[in-house]
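Taking it in order: structure first as structure tokens, then the write-up.
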Amino acid sequence: MSLGGVVLGGSLSYLVQHRTQLSAERAEQQRQQLALSEARRGERLALLERFVEVGAEAERSAFSRPSEWEDTDAWFLTTRDVMNRLWVAERLIRIQFPLPVHDAARAYFLDLNRTVWEGLPDGESVRDYLEDNRLAFLDAARAVMGVAHRRPPETFYGTALSPRKAR
């Protein structure tokens, strides 16, 4: 009887230790996966920030576009550098994001490229021309990054601007 108890106790001890080890290994794998996921999210956010920042520089170039310029003018040299950086950022968006995000970034880039180098017809606003594709890109990026829209104030707690009821 005592030998059976020793065998049973040893077996149970082994099973508990084995389960504990498997559980610890699973927890470590989940922790590593979460860390990798957060690192990739950080890389994506940095890339979005880069694209938006360089896009804003390119928009400023479009707003300040002279009617004529030479290849040696400061505006041209600065704008060429900005547009090259925007092109690279747009390509990196293709690598890091799903195609709908890249497609939106590409449409915005092409509009911006046209506006910077060719200009717009008289009376057409740079801001208005770029707005739709800029917003489409930002919306696509937000959807992929999982950032939710905030509700407008009029929908808080279900009624128009009502304070939360005390319980």
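Numbering starts at 1 and runs along the sequence shown. Just so it is clear, the model here is predicted, and its values are computed rather than measured. All values below come from the heavy atoms of this structure, side chains included, with hydrogens, waters and symmetry mates left out.
Note that CZ of Phe76 is 4.5 Å distant from CG of Asp71, once rounded to the nearest 0.5 Å.
In this structure Thr79 satisfies the side chain to side chain contact (heavy atoms under 4.5 Å, CB included) test together with Ser61, Trp75, Met83, Val116, Trp117, sequence neighbours excluded. For the salt bridge (charged side-chain N to carboxylate O under 4.0 Å, His left out) test, residues two or more places apart in sequence or in another chain that qualify with Arg114 are Glu118. When the side chain to side chain contact (heavy atoms under 4.5 Å, CB included) test is applied to Glu70, the partners found at least two apart in sequence or on another chain are Thr72, Asp73.
For the residue pair Gln21 and Gln17, no side-chain donor N or O sits within less than 3.5 Å of a side-chain acceptor on the partner.
Across all non-hydrogen atoms, the minimal contact from Ala140 to Pro100 is CB-O, 4.2 Å. The heavy-atom pair separating Leu48 from Ala141 by the smallest distance is CD2-CB, 3.7 Å. Between Gly55 and Leu112, the closest heavy-atom pair is O-CD2, 3.7 Å. The minimum heavy-atom distance between Thr115 and Ala62, with the atom names listed, is CG2-CB, 3.7 Å. Between Ala58 and Leu86 the shortest heavy-atom distance is CB-CD2, 4.0 Å.
Between Tyr108 and Phe51, the ring planes are perpendicular. Angles over 60° get that label, and only those under 30° would be called parallel.
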Please set out all donor-acceptor pairs under 3.5 angstrom arising from side-chain atoms of residues 131-138, sequence neighbours excluded.
residue: Glu131; atom: OE1; partner: Arg134; partner atom: NH1; Å: 2.4
residue: Asn133; atom: ND2; partner: Asp111; partner atom: OD2; Å: 2.5
residue: Arg134; atom: NE; partner: Glu59; partner atom: OE2; Å: 2.8
residue: Arg134; atom: NH2; partner: Glu59; partner atom: OE1; Å: 3.0
residue: Arg134; atom: NH2; partner: Glu59; partner atom: OE2; Å: 3.2

Anything under 3.5 Å between a donor and an acceptor, one on a side chain of residues 90-97, the other on a protein residue two or more places apart or in another chain? List them.
residue: Glu90; atom: OE1; partner: Arg106; partner atom: NH1; Å: 3.2
residue: Glu90; atom: OE2; partner: His102; partner atom: NE2; Å: 2.6
residue: Arg94; atom: NH1; partner: His102; partner atom: ND1; Å: 3.4

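Panel note: side chain Ser23, backbone Arg19; no donor-acceptor pair is recorded below 3.5 Å. Using modelled atom types, no side-chain atom of Ser13 and backbone atom of Gly9 make a donor-acceptor pair closer than 3.5 Å.
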Worked check of side-chain hydrogen bond (donor to acceptor under 3.5 Å, both in side chains) between Gln33 and Gln29: CA-CA 6 Å; Gln33 187 64 34; Gln29 286 175 342; over 6 Å; no
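Within the structure, salt bridge (charged side-chain N to carboxylate O under 4.0 Å, His left out) contacts touching residues 44-58 (residues at least two apart or in different chains) are Glu57-Arg85.
Between Arg31 and Leu34 there is no side-chain heavy-atom pair separated by less than 4.5 Å.
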